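Reading through the structure tokens given below for one structure.
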Amino acid sequence: MNEYKHENILHKRHFALQFSIRFEVVDDVNFYSPFHWHNHIELLYVLEGKIDFKVEQRKYLLSEGDMIIVNSEVIHSSKLCGHAKYILLQVPLSAFEGIYEEIENVVFKEKLSDSEAEELFSYLKKMLKFVDDQNQENRVKFISLFYDFFYQLLNSYQLENKKSTSASYYGINRISPVMAYVEKEFRNKISLKEAAQIINVSPEHMCRLFKKYTDMTFNEYLMSLRISAFYQILQNSNQKISVILEECGITNYKVFIREFKKTFGKTPEKLRSEREQLAPA
């Protein structure tokens with residue numbers, strides 16, 4: 001009688017595919033995302049409409065067929081110009097652990113040409129066919145397409161310069177604790193002195209660093225977070241505007257309205273009125 005021995009498989013490398021990505025078609029109006037950063041690679045492809053997009057000091061007006069890649073830990077912001085529809089892909093660097101060790105230092109080309117965007121869009125279209133399906137085989141197919149997509153990015157759209165030698169990389173890491181503090185506390189009264197102490201510099205020096213690496217002042221960044229939070233509540237609730245102002249830490253109504261109109265082109269009252277008119281009876 002033959003005896004069969006159990007074999008212990010020793011893995012030289014374990015591929016841990018436990019990560020979450022954001023991949024969806026977004027259809028929205030006037031959405032505003034103020035300056036932020038994350039440990040993800042982000043890609044955006046415009047299907048309809050226009051989007052004001054800013055990466056550090058670089059400004060882009062994206063329209064149908066345009067594609068942009070935002071490298072991880074790079075500050076960026078976006079503002080929809082009215083209605084816009086786009087594909088959004090956000091991938092954590094953890095998706096490449098044990099597979100591509102140098103991913104943290106990779107810098108991808110930022111603004112793609114029309115032909116480059118069209119080529120990569122062909123991958124995204126295939127991925128969209130499988131992303132919402134609960135069938136397990138289709139989930140396997142999606143992951144295979146996902147890695148095909150990034151194989152193409154790494155081979156054709158990776159720049160020679162490495163993130164670790166970038167001055168902007170060091171800059172954003174220097175001020176990121178301040179940005180995180182403001183993002184957490186923007187609803188409260190924020191002291192410039194307390195914010196500067198987070199990175200052990202004077203308020204004046206902190207303001208210079210903030211302007212250098214974000215192309216906006218500390219107060220402009222604070223206001224952008226308050227405007228974004230205010231807008232989201234305004235669009236999704238019927239609270240009184242005065243209550244929303246207080247909830248978002250806004251005390252100078254005149255200054256806020258001026259900045260709000262710069263961003264959205266209308267007053268909060270006008271936006272709410274338009275939303276109510278469009279609401280189904």
Side-chain angles (χ1 to χ4, degrees), residues 17 19-28 31-81 83-97 99-100 102-133 138-139 141-163 166 168-169 172:
L17 300 180
F19 57 88
S20 297
I21 70 173
R22 182 181 180 188
F23 182 58
E24 61 181 320
V25 175
V26 180
D27 194 334
D28 209 340
F31 179 75
Y32 173 53
S33 177
F35 262 127
H36 63 284
W37 66 279
H38 41 64
N39 198 30
H40 287 59
I41 299 164
E42 179 173 317
L43 183 143
L44 186 148
Y45 179 83
V46 182
L47 297 168
E48 299 174 13
K50 296 182 183 297
I51 303 175
D52 277 321
F53 209 94
K54 191 171 182 180
V55 184
E56 295 179 333
Q57 293 90 357
R58 300 176 294 282
K59 300 178 181 179
Y60 305 99
L61 179 59
L62 306 178
S63 57
E64 183 178 340
D66 284 338
M67 180 179 288
I68 193 164
I69 301 174
V70 182
N71 290 285
S72 66
E73 298 186 344
V74 174
I75 57 173
H76 56 285
S77 66
S78 61
K79 165 68 175 65
L80 307 191
C81 303
H83 170 260
K85 186 177 182 180
Y86 56 95
I87 297 174
L88 179 64
L89 173 63
Q90 293 177 329
V91 182
L93 297 188
S94 61
F96 303 94
E97 289 180 0
I99 299 174
Y100 196 88
E102 292 296 314
I103 193 65
E104 289 187 356
N105 295 327
V106 167
V107 176
F108 292 110
K109 182 176 181 180
E110 193 168 271
K111 179 64 172 65
L112 305 185
S113 68
D114 290 345
S115 60
E116 291 169 337
E118 185 176 356
E119 178 194 16
L120 292 180
F121 176 54
S122 66
Y123 286 85
L124 299 179
K125 283 195 297 185
K126 293 177 184 177
M127 291 166 64
L128 283 171
K129 293 180 181 179
F130 298 93
V131 69
D132 291 327
D133 199 303
N138 284 344
R139 292 203 293 271
K141 180 64 175 178
F142 175 82
I143 290 295
S144 71
L145 291 170
F146 166 78
Y147 280 114
D148 276 345
F149 176 76
F150 267 90
Y151 177 82
Q152 183 66 18
L153 280 183
L154 288 165
N155 277 278
S156 301
Y157 299 96
Q158 182 179 170
L159 302 181
E160 291 185 4
N161 54 305
K162 298 297 183 181
K163 189 187 302 179
S166 167
S168 61
Y169 173 77
I172 188 58

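No experiment lies behind these values; they were computed from the predicted model shown.
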Practice prompt. Begin from the C-alpha positions of M67 and L120 and carry the test side chain to side chain contact (heavy atoms under 4.5 Å, CB included) through to its verdict.
Written response: CA-CA 9 Å; M67 180 179 288; L120 292 180; 3.7 Å; yes
Practice prompt. Carefully, step by step, assess F31 and V26 under the rule side chain to side chain contact (heavy atoms under 4.5 Å, CB included).
Written response: CA-CA 10 Å; F31 179 75; V26 180; over 6 Å; no
Worksheet item: Hey, mind stepping through E110 and Y60 against side-chain hydrogen bond (donor to acceptor under 3.5 Å, both in side chains) and telling me if it holds?
Response: CA-CA 11 Å; E110 193 168 271; Y60 305 99; 2.5 Å; yes
Item to complete: Please report the C-alpha distance between I41 and Q90 in whole Å, then the side-chain angles of each, then the deciding distance to 0.1 Å, and finally whether the side chain to side chain contact (heavy atoms under 4.5 Å, CB included) criterion is met.
Response: CA-CA 6 Å; I41 299 164; Q90 293 177 329; over 6 Å; no
Worksheet entry | Step-by-step side chain to side chain contact (heavy atoms under 4.5 Å, CB included) determination, D28 to L80 | CA-CA 8 Å; D28 209 340; L80 307 191; 3.7 Å; yes
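For Y151 and Y147, the ring centers sit 6.0 Å or farther from each other. Two rings, from Y45 and F121, have their centers less than 6.0 Å apart.
In summary, K111 and D66 engage in a salt bridge, as defined by a charged side-chain N under 4.0 Å from a carboxylate O. The pair K50-E64 does not count as a salt bridge, with every side-chain nitrogen at least 4.0 angstrom from each carboxylate oxygen.
Side-chain contact annotation: E118 with S115, donor-acceptor N/O pair under 3.5 Å absent. Side-chain polar atoms of H83 and D27 form a donor-acceptor pair below 3.5 angstrom. Between the side chains of Y86 and E48, no donor-acceptor pair of N or O atoms lies under 3.5 Å.
Side-chain contact between E42 and L88 is present, with at least one heavy-atom pair separated by less than 4.5 Å. Inter-residue side-chain proximity for I69 and K109 is flagged as unmet; no heavy-atom pair is nearer than 4.5 Å. The shortest side-chain heavy-atom distance between E73 and H38 does not fall under the 4.5 Å cut-off. Inter-residue side-chain proximity for Y123 and L145 is flagged as unmet; no heavy-atom pair is nearer than 4.5 Å. V91 has its side chain within reach of L89: a pair of non-hydrogen atoms, C-beta onward, lies under 4.5 Å apart. For the pair S78/D52, no side-chain contact is recorded, criterion being any heavy-atom separation below 4.5 Å from C-beta on. Looking at heavy atoms from C-beta onward, L128 lies in side-chain contact with F23 at the 4.5 angstrom threshold. The closest side-chain heavy-atom distance from I87 to L47 is below 4.5 Å.
Distance CD/Q158 to CD/E102: 9.0 Å, rounded to 0.5 Å. Separating the CG atom in N71 from the CG atom in L93 is a distance of 9.5 Å, to the nearest 0.5 Å. Between the CD1 atom in I68 and the CG atom in L44 there is a gap of 8.0 Å [rounded to 0.5 Å]. The CZ atom of F130 lies 5.5 Å from the NZ atom of K141; values are rounded to the nearest 0.5 Å. Atoms OG and CZ, on S156 and F108 in that order, are 10.5 Å from each other to the nearest 0.5 Å. F96 contributes atom CZ, which lies 4.5 Å from atom CD1 of I103 (distance to the nearest 0.5 angstrom).
Nearest heavy-atom pair across M127 and F149 is SD-CB, 4.1 Å. Closest approach of P34 to S77, counting heavy atoms only: C-CB, 3.7 Å. For the pair I21 and P92, the tightest heavy-atom approach, listed with the atom from each and the gap, is CG2-CD, 3.9 Å. Scanning both residues, S63 and V46, for their nearest heavy atoms gives O-CB, 3.3 Å. Of all the heavy atoms in C81 and L61, the pair that sits closest is SG-CD1, 4.2 Å.
Around CG of D114, the count of heavy atoms belonging to other residues, nucleotides or ligands within 6.0 Å does not exceed 12. More than 12 heavy atoms of other residues, nucleotides or ligands sit less than 6.0 Å from atom NZ of K54.
Without hydrogens or angle criteria, S122 side chain to E119 main chain gives a donor-acceptor distance under 3.5 Å. Not a single donor-acceptor pair under 3.5 Å links the side chain of H76 to the backbone N or O of W37. A donor-acceptor pair is defined here as one N or O able to donate and one able to accept, closer than 3.5 Å; such a pair exists between the side chain of E116 and the backbone of S113.
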